[in-house]
*Asks:* 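Sharing a structure here in structure tokens format.
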Amino acid sequence: MLIKKPDYIRESEVTDREVYLQRREFLRKAGAVTAAGVAVTAGVASQAAWWFSSDKTESPSPVPRGESLGTLIKSPYSTDEPQTPYDDITSYCNFYELGTSKSDPKDNAHFLKPKPWSVAIEGECARPGVYDLEDILKPHPLEERIYRLRCVETWSAVVPWVGFPLADLIKRFEPSSRAKYVEFVTLKDPKQMPGQRFPVLNWPYVEGLRMDEAVNPLTLLAVGLYGEVLPNQNGAPIRLVVPWKYGFKSIKSIVSIRFTEKQPLNTWQDQAAREYGFYANVNPDVDHPRWSQAKERRLGDLLKRPTLPFNGYAEQVAHLYTGMDPKKLY
Ligand code: MTE
């Protein structure tokens, strides 16, 4: 999710992981590190200055593998496609609160303290309140859901998430008939989220779903991956996963879930309404102004593959959009 891509950076450079890693390594060796591949807006430039400043730890300790989450229900919604390796999923991330390059979130993961954590349930519902994460999670058996993840930047992955249906949580808090949408908000705390010290986005990160999307059985609240507690860089301790939408809808490190009458203004639409909308359904026939969406490159693959409508989940969700203009669903 580059803020603005200068014309001289080709798509292949932006999306190809190998090229990205090689370039970063080259720059590191040359001692000429800049915010490579990222447009120089005031926010990004100052963030780059912070990131490479001398008071930052040179090599932060690696994030240890998470605690095992025990026995998990196997979901019928899982794909049997080969899973993207753990190291790729956890080191090639988009999490601007922890930095704008793909490896920053892993390198800055130690700033985020996911314990203790609470989530505010707000708005149009019978049981609003601030709940400890343990109380949010207690009634929900955890299941493994192996889903395709498709980023609007045209890379993709197959991730074995651990979580539970958002629909089950929504039912517990009894939304009223006025609740037409659900809004989600990420933690705002520049001490834990060093990227928030800079005006890269309008913090905090916000996302939203229409109520029928939120209660669709595919929509997941994830607390883990590969059978273990979610690493910080992937959105610990609790994040959304909406597999038929571009990855930016899958908001990380959630502190608020609010039932609303009005459609929430999600962060990327707020940032660049010409480029990002509210629905963000994966659609190979509707291009992003800067990227064709016809194909994608799975992390680790050399060749691109065709992108599927609704990321391959059309059977489960296409009916939610009957009669709507696909261009408006971007
Ligand atoms: N959530 C927050 N709070 N901040 C972010 O920058 N990036 C989004 C999404 N959730 C983002 C976020 C984008 S663009 C993508 S593609 C996915 O997270 C990536 O999830 P992953 O890093 O676990 O693969």
Side-chain angles (χ1 to χ4, degrees), residues 1-3 14-15 17 38 43-44 47 63 66 83-109 111-112 114 145 147-163 183-190 192-196 198 200-209 220-226 229-257 266-272 275-276 280 282 288 291 293 296-300 311:
M1 301 289 288
L2 300 180
I3 311 280
V14 175
T15 57
R17 181 164 176 272
V38 177
V44 173
Q47 189 188 43
V63 180
Q83 294 165 33
T84 303
Y86 180 90
D87 283 349
D88 288 351
I89 295 171
T90 57
S91 62
Y92 190 88
C93 296
N94 274 337
F95 197 176
Y96 273 25
E97 289 86 338
L98 296 179
T100 51
S101 87
K102 295 291 184 274
S103 57
D104 286 348
K106 174 177 173 283
D107 293 344
N108 286 326
F111 285 103
L112 177 59
R145 294 263 187 121
Y147 278 162
R148 290 175 290 276
L149 170 75
R150 170 63 156 80
C151 179
V152 74
E153 294 163 341
T154 76
W155 57 268
S156 66
V158 176
V159 186
W161 300 109
V162 178
E183 180 192 78
F184 306 85
V185 182
T186 294
L187 174 70
K188 185 175 179 194
D189 177 358
Q192 296 188 58
M193 304 289 210
Q196 290 176 340
F198 309 97
V200 178
L201 294 174
N202 277 336
W203 311 113
Y205 196 99
V206 173
E207 258 308 334
L209 295 173
L220 198 71
L221 279 172
V223 295
L225 55 83
Y226 270 102
V229 167
L230 201 58
N232 290 355
Q233 61 269 33
N234 293 97
I238 186 163
R239 72 173 288 173
L240 191 66
V241 179
V242 197
W244 71 95
K245 293 177 179 284
Y246 291 114
F248 69 85
K249 297 294 292 182
S250 293
I251 182 172
K252 298 178 170 182
S253 304
I254 295 168
V255 291
S256 157
I257 298 177
N266 52 315
T267 291
W268 279 102
Q269 188 177 16
D270 181 34
Q271 182 72 26
E275 302 196 6
Y276 308 102
V282 174
H288 180 276
W291 301 297
Q293 296 295 4
E296 67 198 61
R297 194 194 311 275
R298 193 129 310 158
L299 293 185
N311 201 23

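Just follow the structure's listing: the first ligand is 1, and inside any ligand the first atom is 1. Predicted, not measured: the structure shown is a model, and the values here were computed from it.
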*Asks:* Which option wins on minimum heavy-atom distance to atom 22 (O) of ligand 1: Gln233, Lys252, Glu207?
*Replies:*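 Comparing heavy atoms across Gln233, Lys252, Glu207, the nearest one to atom 22 (O) of ligand 1 lies in Lys252.
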*Asks:* Under 4.0 Å from a heavy atom of Ile251: give me the atoms of ligand 1 that qualify, with their elements.
*Replies:*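 Counting atoms of ligand 1 from 1, those under 4.0 Å from Ile251 are 1 (N), 10 (N).
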*Asks:* Measure from the side-chain N and O atoms of Thr84 to the backbone N and O of Val158, and report whether any donor-acceptor pair falls under 3.5 Å.
*Replies:*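 Confirmed, Thr84 side chain pairs with Val158 backbone.
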*Asks:* Just by distance, do the side chain of Glu97 and the backbone of Leu187 share a donor-acceptor pair under 3.5 Å?
*Replies:*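 No; zero donor-acceptor contacts below 3.5 Å.
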*Asks:* Carefully, step by step, assess Ser253 and Gln192 under the rule side-chain contact (heavy atoms from CB on, under 4.5 Å).
*Replies:* CA-CA 11 Å; Ser253 304; Gln192 296 188 58; over 6 Å; no
*Asks:* Could you check whether any heavy atom of Arg239 sits closer than 4.0 Å to an atom of ligand 1, since that is the contact criterion I want to use?
*Replies:*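 Checking ligand 1 against Arg239, which is what was asked, there is a heavy-atom contact under 4.0 Å.
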*Asks:* Given Phe95, Tyr276, Tyr205, which one has a non-hydrogen atom that is nearest to atom 12 (C) of ligand 1?
*Replies:*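 Answer by nearest heavy atom: Tyr205.
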*Asks:* Begin with the C-alpha distance, continue with both residues' side-chain angles, and end with the deciding distance and a verdict on side-chain contact (heavy atoms from CB on, under 4.5 Å) for Val152 and Trp268.
*Replies:* CA-CA 11 Å; Val152 74; Trp268 279 102; over 6 Å; no
*Asks:* Report yes or no: does a heavy atom of Trp155 sit under 4.0 Å from some atom of ligand 1?
*Replies:*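 A heavy atom of Trp155 does come that close to ligand 1.
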*Asks:* Are any of the heavy atoms in Ser250 under 4.0 Å away from ligand 1?
*Replies:*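 Ser250 counts as a contact of ligand 1 under the 4.0 Å cut-off.
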*Asks:* Is there at least one pair of N or O atoms, one from Trp268 and one from ligand 1, spaced under 3.5 Å apart?
*Replies:*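 Such a contact does not occur with ligand 1.
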*Asks:* Testing the 3.5 Å rule here: is there a donor-acceptor pair between the side chains of Gln293 and His288?
*Replies:*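 Gln293 vs His288: no donor-acceptor pair found between side chains.
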*Asks:* Flag the pair Pro243 / Arg148 as yes when at least one side-chain heavy-atom distance between them is below 4.5 Å, and no otherwise.
*Replies:*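 No; the side chains remain at least 4.5 Å from each other.
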*Asks:* Are any of the N/O atoms in Trp161 less than 3.5 Å from those in ligand 1?
*Replies:*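 Min N/O separation from ligand 1 is not below 3.5 Å for Trp161.
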*Asks:* Distance under 4.0 Å to a non-hydrogen atom of Cys93: what atoms of ligand 1 satisfy this?
*Replies:*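 Counting from 1, the qualifying ligand atoms are 22 (O).
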*Asks:* Rounded to the nearest 0.5 Å, what separation is found between the OG1 atom of Thr100 and the CZ atom of Phe95?
*Replies:*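 Between atom OG1 of Thr100 and atom CZ of Phe95 there are 13.5 Å.
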*Asks:* Any nitrogen or oxygen of Tyr92, main chain or side chain, under 3.5 Å from a nitrogen or oxygen of ligand 1?
*Replies:*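 No: no nitrogen or oxygen of Tyr92 is under 3.5 Å from one in ligand 1.
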*Asks:* With a 4.5 Å cut-off on side-chain heavy atoms, are Lys245 and Val282 touching?
*Replies:*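 Heavy-atom side-chain distance check fails, nothing below 4.5 Å.
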*Asks:* Check each atom of ligand 1 against the heavy atoms of Asn234 and keep those under 4.0 Å away; list them by number with element.
*Replies:*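 Close to Asn234: 21 (P), 23 (O).
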